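Data block below; observations after.
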Amino acid sequence: MKPPRFVLARGRFWVGLLPWAWMLLFFALPFALIVKVSLSTPELAIPPYVPPFVMEPGAVLPQLRPDLASYRRLHDELLALGTSGADLQYLSAWGSSLLLAALTTLLCLLIGYPFAYHIARSREAARNTLLMLVMLPFWTSFLLRVYAWMVLLDSSELGLINRLLLAAGLVDAPLQLLYNSGAVLLGMVYSYLPFMVLPLYANLVKLDQRLLEAAADLGARPGTTFLRVTLPLSRRGIVAGSMLVFIPAVGEFVIPDLLGGGDVLMIGRKIWDDFGPNQDWPMAAAVAVTIVLVLIAPIVLLHRHGRTDGRSSGRNAEAGQ
Amino acid sequence: MEPDGEKGADWGAKTGQAYLRIEGATKRFDDTLAVDDVSLAIAEREIFALLGSSGCGKSTLLRMLAGLEVPDAGRIVLDGEDLAAVPAHRRPTNMMFQSYALFPHMTVEANVAFGLWQERPRLTRAEVGARVAEMLELVQMQRYARRKPHELSGGQQQRVALARSLAKEPKLLLLDEPLAALDKKIRQRTQLELVNLIERVGVTCILVTHDQEEAMTMAGRIGVMSEGRLLQVGTPGEIYETPNCRFTAEFIGETNLFRGRVAGGALACGDFPAAIVLPPDAALAAGDEVWVSVRPERVTLSRAGAASSHAPGDANCNAASGEVADIAYLGSHSVYHVRLANGRVVIANVPSVHWGDAPSPTWGDAVRVAWFAPDGVVLTR
Ligand SMILES: Nc1ncnc2c1ncn2[C@@H]1O[C@H](COP(=O)(O)OP(=O)(O)OP(=O)(O)O)[C@@H](O)[C@H]1O
Ligand SMILES: [Mg+2]
């Protein structure tokens with residue numbers, strides 16, 4: 001029996017409302033709160049800031065007194081860019097975070113693509129096993145895995161890798177494996193790889209095998225087929241995977257902290273410090289707001305790009321997704 | 001098996017002009033023998049149809065020619081060149097896929113140009129452009145050059161796919177069910193268009209279909225496949241009039257099949273009231289189990305007791321009485337299902353003009369079916 005139309009319509013309405021309610025509750029409201037804090041003045045109190053608006057007794061509307069000092073600080077650093085001796089702690093943290101995130105994304109893509117391609121081309125029975133293996137690390141805590149890398153990379157004779165190298169006679173003294181940018185990158189790529197592989201796989205598994213055969217039939221060598229057919233058709237997978245890696249990687253500071261020894265400050269670490277030891281909540285909040293803004297820009301651009309693309313590839317979008 | 005004895009079997013091969021020669025091609029997938037020891041010779045500029053029911057290995061054979069499937073055994077020689085070691089992307093063959101397999105991210109133009117850009121030595125941009133324009137004009141798709149495949153109708157996609165497979169002037173054009181995605185009306189019109197176009201280009205062509213009408217309309221010769229084997233090769237007329245096995249006889253058109261054992265120049269048959277007189281030239285030993293195939297249009301129908309061209313008692317004529325069980329009126333002719341006394345149904349196609357002014361027999365009427373012995377075809381398998 002079919003439920004009456006209006007029940008369906010109403011059901012659809014409420015289901016459609018759910019994501020909006022979710023976004024309001026867990027993104028818009030907290031973000032508004034952060035913006036409020038970022039416009040406050042730091043103060044030794046609990047909470048440690050004076051809000052940017054005050055209710056005068058008897059007034060109808062609150063009086064706005066935004067404090068732009070935190071943003072001015074970031075702005076000044078931006079202006080001071082290039083002058084020697086300038087204090088650029090926030091900007092340099094920003095820079096190293098973006099660089100690390102970009103490198104991580106690139107390496108994840110280079111390593112993850114063959115992964116995803118291979119899984120997508122495997123027999124159906126093998127595919128699920130391989131996917132399970134990709135997701136297996138999620139079964140242990142993220143922190144535990146980073147600590148495990150510390151044990152592996154330990155730079156004394158006790159480090160697992162060093163012990164192996166020494167035992168094999170490949171090195172005379174233990175190598176400095178931990179606390180450098182290589183270790184950070186390794187940890188980042190290791191942790192974020194599944195986020196690249198999964199969307200890429202979901203895309204590549206839908207790639208119509210006959211298109212590759214058609215390309216070969218038309219005289220394209222395997223390399224050409226990959227560049228002209230496989231790669232363009234997996235663009236959406238590449239974009240999705242890259243965003244899933246890049247966006248959280250920008251804010252990542254646990255891995256750089258633990259594996260990098262803390263000599264390079266990440267922007268996430270700066271926020272942590274300002275909220276914690278420095279007790280400068282407005283500054284921390286202002287940095288957080290800039291992160292959201294900086295990351296939203298490419299998402300919006302890509303979204304708009306994806307929309308126009310969706311229109312032009314409509315019915316065949318399955319093949320291109 | 002070999003395509004034994006048919007006139008069409010090695011047309012070309014005999015005259016020394018076999019352009020494509022397939023020898024003992026075999027392909028096995030796990031437990032299915034998809035293509036089983038197929039041998040075939042095809043002449044230059046010939047349009048050849050592989051006909052068979054679904055899953056009989058037509059596509060697999062075609063894919064072996066294109067190099068997309070490696071044969072387990074056998075040889076493929078095209079224009080004097082053994083293709084065994086030639087990978088798909090270097091073969092002088094082009095294929096039009098059953099699903100067209102147009103690149104969804106490229107325009108019509110780019111799809112047609114794709115193969116041309118792979119040519120070595122490289123073609124210039126102008127050369128590619130000119131060739132693409134020529135191809136699109138050939139299939140009358142110039143107006144759609146800038147569209148993406150999903151913005152085209154099924155028929156338009158089919159034409160683009162055809163243009164793309166013709167663009168490189170392949171030595172061998174392979175069409176895998178080229179019209180399957182079109183509806184019946186358009187398909188019939190397109191069949192002739194396609195043949196004209198292929199003949200105009202002058203390319204040797206193998207086309208795969210499971211539609212016998214399509215094969216007969218389009219191809220000069222037909223190869224009938226079943227379960228991986230090539231059962232018979234011949235012109236549409238040969239295949240229809242002189243099938244060499246029961247599968248072909250039943251697959252191509254309708255037929256009446258009678259089984260029995262040879263006994264003194266006739267067939268002792270369980271399901272026909274009398275012994276069936278065999279065609280005079282049938283060389284058979286007594287005791288052989290054979291089948292006789294009689295096409296419905298060879299069977300004449302007359303009212304019981306009426307004078308007939310098939311005189312009863314004619315030594316050259318097979319006849320039996322029965323009653324009309326079913327009639328399908330198809331305009332130009334009617335299909336009569338006549339149930340004989342022993343329950344066996346014989347199908348007869350009777351031209352509508354046959355009855356003249358007299359009323360045609362109707363359900364339950366007593367009638368007599370008959371055919372001349374030479375009109376039957378003896379099948380030994
Ligand atoms: N890649 C494959 N793996 C396993 N079996 C296959 C494969 N390709 C084809 N087969 C099997 O080989 C047989 C022949 O397949 P093929 O595709 O050649 O049939 P076809 O004659 O083209 O049928 P259709 O008219 O339905 O397209 C089928 O039984 C099919 O299941
Ligand atoms: Mg097929």
Side-chain angles (χ1 to χ4, degrees), chain A residues 113 117 120-127 199-200 202-241 302 305-321, chain B residues 30 59 62-69 86-107 110-120 122-123 146-154 157 160-161 163-170 172-176:
Chain A
Y113 203 103
Y117 191 87
R121 289 286 150 269
S122 302
R123 300 157 145 273
E124 211 151 320
R127 266 187 228 157
L200 270 179
N203 173 285
L204 286 170
V205 77
K206 280 186 280 179
L207 183 69
D208 187 351
Q209 199 62 29
R210 275 161 302 188
L211 295 178
L212 309 185
E213 291 179 347
D217 182 65
L218 289 166
R221 279 169 303 163
T224 315
T225 301
F226 178 77
L227 289 178
R228 300 275 323 266
V229 180
T230 310
L231 207 54
L233 285 178
S234 56
R235 208 196 61 228
R236 282 153 180 272
I238 294 174
V239 168
L302 278 170
H305 181 66
R307 245 201 340 239
T308 54
D309 189 76
R311 206 182 305 136
S312 68
S313 64
R315 217 189 309 163
N316 282 30
E318 316 89 69
Q321 248 154 39
Chain B
D30 304 325
S59 293
L62 211 61
R63 290 165 56 80
M64 285 199 277
L65 294 174
L68 299 173
E69 216 77 74
V86 183
H89 65 272
R90 290 219 198 85
R91 291 201 183 188
T93 59
N94 280 131
M95 178 149 160
M96 184 175 148
F97 289 73
Q98 193 164 351
S99 55
Y100 305 148
L102 296 174
F103 303 120
H105 59 302
M106 295 183 196
T107 60
N111 263 285
V112 177
F114 186 90
L116 297 170
W117 289 120
Q118 316 305 327
E119 297 274 25
R120 300 290 180 274
R122 285 176 190 279
L123 301 179
R146 294 292 156 85
R147 295 229 191 144
K148 294 262 183 84
H150 67 90
E151 295 165 319
L152 303 174
S153 74
Q157 290 183 16
V160 176
R164 187 178 71 172
S165 54
L166 283 174
K168 295 187 74 169
E169 296 185 335
L172 181 62
L173 177 66
L174 305 167
L175 307 176
D176 194 354

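What you see is a predicted model, and the numbers here were worked out from it, not measured in a lab. Within every chain, numbering begins at 1; the chains are lettered A, B, ... in the order of the sequence lines, protein sequences first and strands thereafter.
- Shown here are the side chain to side chain contact (heavy atoms under 4.5 Å, CB included) partners of B/R90, two or more places apart in sequence or in another chain: B/V86, B/P87.
- Taking CZ from A/R210 and CG from B/D176, the interatomic distance works out to 10.0 Å, rounded to the nearest 0.5 Å.
- By the side chain to side chain donor-acceptor pair (under 3.5 Å) test, B/Q118 pairs with no residue at all, sequence neighbours left out.
- Listed for the B/H89 side chain is no donor-acceptor partner under 3.5 Å among the backbone atoms of A/A215.
- The minimum heavy-atom distance linking B/L102 with A/L211 is given by the pair O-CD2, 3.2 Å.
- Of the listed residues B/R120, B/H105, B/K168, the one with more heavy-atom pairs under 4.5 angstrom with chain A than any other is B/H105.
- Checking side-chain atoms of B/N94 against main-chain N and O of A/D217 turns up a donor-acceptor pair under 3.5 Å.
- Looking at B/M106, the atoms closer than 4.5 Å to chain A (heavy atoms on both sides) all sit in the side chain, from C-beta outward.
- Rounding to the nearest 0.5 Å places OG of B/S165 at 8.0 Å from CG of A/L218.
- Within a 6.0 Å radius of CZ in B/R122, other residues, nucleotides and ligands contribute 12 heavy atoms or fewer.
- Note: A/D208 CG to B/F97 CZ = 9.5 Å, rounded to the nearest 0.5 Å.
- Once rounded to the nearest 0.5 Å, the distance linking CZ of B/F103 with CG of A/L212 reads 8.5 Å.
- Ranked by non-hydrogen atom pairs under 4.5 Å with chain A, the options B/E119, B/R63, B/R91, B/R147 are led by B/R63.
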